[in-house]
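Report on the following structure.
The basis for the numbers below is simple: all heavy atoms, side chains too, and nothing from hydrogens, waters or symmetry mates.
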Amino acid sequence: MKEIFLGEVYEVLPLNNGIIFSYCKDVIDENVVVAYKMISFENGNITDIAKNIYLLTKFGNNYKAIVSVCDNYITVKSILLAGGKVFLLSTDGTAKLVGTDGEVIWRGDLIYRTHKPSDLILYNNAFWVSYPECNSVLRYNISTMREELRIGGIKSPFDKPKDLFLEGDVVTISNYGSKKLIEMDLKTYSVKDRESFEEPIYQYVKVGNMRFVVLESGLYLI
């Protein structure tokens, strides 16, 4: 495992040939100063980037309109959909479908038995959402936004599943509790353990053959 950046990393966004990440640059009078960096796989350089590049990567071309309806553009989870629409999921469980002009087309919540979600992915016209406090991952029908399937619960292969990363038919789940990556096949629902770490895992990202994890201490290449 190779250390890339030490510090509090909020989110890693994949690019075609690199990554962008947001991080805590400073805290002044209890106010957090957020900054952004990009790593290019072509030359290996880590460079500072402007906020608008981060927002463009996360929300698409209409990022200004999307940001206007976000409670927190750093912590909100986003999925870019067809036609420039964006699906947003806030840390309090509030979900929004936002049009290209910033109009909120649909609003609801993805609270499950009083538990708040931490991340979501889109797979075969369904949302898969992680719930760390109930050790579960749920599938929602994208048309009705109703729960269709739950993996986990009292007897669960997960331990505080915080982040979801989809590649093909397989989702890699970052388990904050067990400090372990777990793969789940979304066709068969079979699960298998991957790497374990000495620190809690916040996020996993893969771009090409490069695999990254965000741990409590920072960003690492694995």
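- Judged as a salt bridge (Lys or Arg N to Asp or Glu O under 4.0 Å), and not counting sequence neighbours, the contacts of Glu167 are Lys206.
- Applying the side chain to side chain donor-acceptor pair (under 3.5 Å) test to Glu3 and every residue at least two apart in sequence or in another chain returns nothing.
- Taking Ile222 as the reference, Met1, Leu181, Glu195, Phe197, Tyr204, Arg211, Val213 meet the side-chain contact (heavy atoms from CB on, under 4.5 Å) condition, with sequence neighbours excluded.
- For the pair Met184 and Leu186, the minimum side-chain heavy-atom distance is below 4.5 Å.
- Residues that satisfy the side chain to side chain donor-acceptor pair (under 3.5 Å) test with Tyr176, not counting sequence neighbours, are absent from this structure.
- Every salt bridge (Lys or Arg N to Asp or Glu O under 4.0 Å) that Asp193 has, sequence neighbours left out, goes to Lys180.
- Legend: residues meeting side chain to side chain donor-acceptor pair (under 3.5 Å) with Asp185, ordered by chain and number and at least two apart, are absent.
- For Tyr140, the ring-ring contact (aromatic ring centres under 6.0 Å, His included) test picks out no residue, with sequence neighbours left out.
- A donor and an acceptor atom, one from each side chain of Glu199 and Ser217, are located under 3.5 Å apart.
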For residues 11-29, tabulate all N or O donor-acceptor pairs below 3.5 Å that involve a side-chain atom, not counting sequence neighbours.
| from | atom 1 | to | atom 2 | distance (Å) |
| --- | --- | --- | --- | --- |
| Glu11 | OE1 | Tyr54 | OH | 2.7 |
| Glu11 | OE1 | Lys58 | NZ | 2.8 |
| Ser22 | OG | Glu11 | N | 3.4 |

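- No side-chain heavy atom of Leu138 sits less than 4.5 Å from a side-chain heavy atom of Trp128.
- In this structure Lys162 satisfies the side chain to side chain donor-acceptor pair (under 3.5 Å) test with no other residue, sequence neighbours excluded.
- Every residue was checked against the ring-ring contact (aromatic ring centres under 6.0 Å, His included) condition with Tyr220, not counting sequence neighbours, and none meets it.
- Phe127 meets the ring-ring contact (aromatic ring centres under 6.0 Å, His included) test with Phe87; sequence neighbours excluded.
- Among residue pairs with one or both ends in residues 75-88, none qualify as side-chain hydrogen bond (donor to acceptor under 3.5 Å, both in side chains); sequence neighbours excluded.
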